[in-house]
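To keep things clear, I will list the structure first and then write my remarks on it.
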Amino acid sequence: MSDNPFTYYDKDKDAGGSSASLNSQEKEILEATNAALTKPNPSLEYCTLSVEETLHKLDTDAKLGLSSVEEATKRRQYYGPNEISVDDDESLVKKFLSNFVEDRLILLLMGSAIISVFLGNIDDAISITMAIVIVVTVGFVQEYRSEKSLEALNKLVPQECHLIRGGRESNVLATNLVPGDLVRFRIGDRIPADIRIIECNDLTIDESNLTGETDPVHKSYKALSRDSYNDQPNSIVPVAERTNIAYMGTLVKEGNGRGIVVGTGRETSFGNVFEMMSSIEKPKTPLQLTMDKLGKDLSLASFVVIGIICVVGIIQGRSWLEMFQISVSLAVAAIPEGLPIIVTVTLALGVLRMAKRKAIVRRLPSVETLGSVNVICSDKTGTLTSNHMTVSKIWCLGSMANKLNVLSLDKNKGGNLKNYLTDDVKTTLLCGNLCNNASYSQEHAKYLGNPTDVALLEQLQKFELADVRSEYTKVKELSFNSKRKMMATKIQDNEKKTTLFIKGAFERILDKSSSYLTEKGKIEKLTAGHRETIIDCANTLASEGLRVLAFAKRAMTDSSSKLVEDDISDLVFTGLIGMNDPPRSSVKFAIDQFLQGGIHIIMITGDSENTAVNIARQIGIPVIDPKLSVLSGDKLNEMTDDQLANVIDHVNIFARATPEHKLNIVRALRRRGDVVAMTGDGVNDAPALKLADIGVSMGRMGTDVAKEASDMILTDDDFSTILTAIEEGKGIFNNIQNFLSFQLSTSIAALSLVALSTAFMLPNPLNAMQILWINILMDGPPAQSLGVEPVDHEVMKKPPRKRTDKILTAELLKRLIGTASCIILGTVYVFVKEMAEDGQVTARDTTMTFTCFVFFDMFNALACRHTTKSIFEIGFFTNKMFNLAVGFSLLGQMCAIYIPFFQAIFKTESLAFSDLIFLAMISSSVFIIDEIRKYWVKKNSHMDPLRYSIV
């Protein structure tokens, strides 16, 4: 027993080091966790109480749960909702004001305004102050939108639980739980609150996310004695040793159980940890770090240029205050400080769009990765198929000795199947009934649970049989897992006779069977010829695309609650059941689109090779030669990662595969440099989902652990949804590149314009206020509207982006430099032309130059809506947000030119309508030149499709 009142794993200490090797954030997390885990909570009290004492204290029932909804409502009002959230005490006003002191560039501008006041330039001080307010407001609004978008994402995947109230079971949101509620949980579920276990069966729970211990904990319903922990501080029972408590947020690895909720929300052990750690700042995502680095690199280059401009201007004899203001304004305009915010907003808005299309992306950077996926590994059941299993055929050796004599339920839909109830058929159906954990929901008026279990219960009605589980007592259950490949239930009837019922993979059941049940219910010896017949029949059913299960039983003299795998032997084989899960209607089209886009599709299934090939051909996965295209789990076990990597390019199907095999498959693909998307829904799928570049879990049938490990959740469990997600991901990445092109070309043009005028000893063509207005346009609505450009469906015809490809590609750099050059030449031409008319710089000259630059910016934004397609192809009105953003920007520019108040701020004067037409003609050149570039790219794309496919 440890000296500490909790168990927490410190990897540095375990390796012989010390906590000193931890970084500051890891230390903070460790200290907060240790402090939280020693804090008393309800689980500490109830772990030492018996089941009866717990029920009495919480006034609840072990079978019915709380007596009424009214009682639950009363308790919810007292205890609050079962959720952990941190109240944001910082007001919006405080957040807004903090932006003025956190940005060094803003502080420089404020200093410039103060200096202007002391020098008597009140107008300049007012103008700069207003500019500061505008710039800070735009940034604040963008950040606020980003936070709200992310908050909306966190609410898209509500956690559900199996609640029993008043004897009725239903699936409800975990937030509705109150102390005293009766909850049922099984393998793969995440525990929804702190629960005192009152009944469990082979139950183990993974508590690593709470205690740090990697081994699952075996649970019991027995009370603990606090006297046994007198050597602990305050006799506290360590968190890791409260074996009768299931903690909120932990994961059921094996077995099932029931328990009473004793702690909710912040009164749970996880709530304690969360409350202590809520102040710890989350690290930035990889994509945000990449964008931050890009911003820093651009900032460094900008500062060097700006510094040179400032020094040269002062040497030339210009006012140091003017050069200071110009330099600071250039820094604000040239440095894309809003780039990470805009990227986050764009990704968040894209993720919300994906959610509407049934794909919830849990991590924003995953959106970028989606565009690079070139291999998709998918489960068959529930993803490629409809996930509604239906019993299609039944075969028993006793009554249907010929393998061609199969009871087809599909062909007898209107017939009376009761007439086919021979003893062996009836016993097979009984095995499927009693070896079953699905339950009937009054709320949903249907069975809920594993699709296979549900199918076995639904087909009872076809034989006019009832669900008889309530007539028997379940003594013990050995749950199904991927290694065991079978499930066993020890049942006792009213006459106290004990029988073992088994279902599972036919190979496993057949290996453990020594006899079979005849048509008349007699037990006969199973010969080698019988075994051959069973295998032939199972393979025949599998070749039809059916999932085949075998059923068996065994009478037992031992009525104890003990049941181990060694007890499953000398079985009486009863029959086979073939189930049909038809392919989803949308899958074939999706696979065709993926294949056109150069994406390799791999189907992974636990079914036999024959079944897998049959389904693959139905949905369009190419299987030219099964010897090359299909790899079985047995062969996979014999291969190293290198050997698998060498052959996997030709493999489209993995049959008889286990969740553990998925890990080998992902490793082999990543070793080749592939970008892998892997689907999964089970607990054992979690490692593969975590290792894959994009882990995809199922929203309906997926376990909580699979959802937690995944990057994306399909709320409809439909494979074709991955198509829309990858399409959206590619589109979002293209949008990020488009607004990068717009922002950086504007930034380069503004810097170069002032640098050229300084180098040639010309007056500055733009003043500080005009530069700041350009910055607002560059970081504001026009840039953001490019991030929500509708996805071009043709992106799926392009090959996936390589993992090593950068955001700023060589083609993109060429494009933005060309655009910036066009803006510079056009603006300089207008400036020089206007200045040459009277030989001096007037308000009209700067107004014409300023307006020309803004017009160039708007036409540049229009050109940046698509990299290779003309605006006439994509349509002027397909992005309403863009049209509104540009419209309001132009309206703002007109205010700066024609409204006296703004004329004083921006030092502008009114222009004639003919001036505006002239400037529009000049500035439209950037749009026209880019349209010519797009035409040239499209015309020559057939020459080098890889070069021009993605920019």
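Numbers here simply count residues along the sequence, with the first being 1. Just the heavy atoms: all of them, side chains too, but no hydrogens, waters or symmetry mates, feed the values below.
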Full working for salt bridge (Lys or Arg N to Asp or Glu O under 4.0 Å) between E207 and K219:
CA-CA 11 Å; E207 297 179 349; K219 293 294 183 176; 2.6 Å; yes

Nearest 0.5 Å, what's the [atom1]-[atom2] distance between [X] and [Y]?
X    : Y    : atom1 : atom2 : value
K553 : T489 : NZ    : OG1   : 14.5 Å
T499 : K497 : OG1   : NZ    : 8.5 Å
D467 : L434 : CG    : CG    : 8.5 Å
I502 : R554 : CD1   : CZ    : 8.0 Å
L456 : F551 : CG    : CZ    : 4.5 Å
L163 : N176 : CG    : CG    : 8.5 Å

Contact between [X] and [Y] at the side-chain level, heavy atoms closer than 4.5 Å - yes or no?
X    : Y    : answer
I568 : R508 : no
D558 : K490 : yes
L429 : K462 : no
I722 : T679 : yes
N433 : L457 : yes
H661 : I604 : no
C47  : N244 : yes
V178 : R165 : yes

If you apply the rule side-chain contact (heavy atoms from CB on, under 4.5 Å), what do you find for E267 with D194, and how did you get there?
CA-CA 8 Å; E267 292 302 311; D194 275 8; over 6 Å; no

Nearest heavy-atom pair of [X] and [Y]: which atoms, and what distance?
X    : Y    : answer
L563 : K476 : CB-CG, 3.4 Å
T721 : A359 : CG2-CB, 3.8 Å
V183 : V261 : CG2-CG2, 3.7 Å
T268 : G265 : OG1-O, 2.8 Å
C435 : D453 : O-OD1, 4.1 Å
P179 : T264 : CD-CG2, 3.9 Å

Give a yes or no on whether the backbone of [Y] and the side-chain of [X] come within a donor-acceptor separation of less than 3.5 Å.
X    : Y    : result
R190 : L251 : no
N82  : L177 : no
R469 : N436 : yes
E53  : S50  : yes

Under the salt bridge (Lys or Arg N to Asp or Glu O under 4.0 Å) criterion, do K562 and D567 qualify, and how do the steps go?
CA-CA 10 Å; K562 180 185 176 184; D567 293 333; over 6 Å; no

Please indicate whether F463 has more than 12 foreign heavy atoms, meaning atoms of other residues, nucleotides or ligands, lying under 6.0 Å from its CZ.
yes

Quick check: are there more than 12 heavy atoms from other residues, nucleotides or ligands sitting under 6.0 Å from CD of Q461?
no

Does this structure show an ion pair linking D181 with R76, if we count only N-O contacts that are shorter than 4.0 Å?
no

So T390 and E458, side-chain contact (heavy atoms from CB on, under 4.5 Å) or not? Walk me through it.
CA-CA 8 Å; T390 304; E458 286 179 342; 5.7 Å; no

Give the intermediate values and the outcome of salt bridge (Lys or Arg N to Asp or Glu O under 4.0 Å) for residues E71 and R75.
CA-CA 6 Å; E71 176 63 23; R75 296 191 184 194; 2.7 Å; yes

As a quick check of understanding, evaluate side-chain contact (heavy atoms from CB on, under 4.5 Å) for R258 and I164, giving each step before the final call.
CA-CA 10 Å; R258 295 193 304 161; I164 301 172; 4.2 Å; yes

Evaluation steps, side-chain contact (heavy atoms from CB on, under 4.5 Å), between L173 and E83
CA-CA 10 Å; L173 293 179; E83 59 186 13; over 6 Å; no

Stepwise salt bridge (Lys or Arg N to Asp or Glu O under 4.0 Å) check, R184 with D189:
CA-CA 10 Å; R184 183 173 64 83; D189 285 346; over 6 Å; no

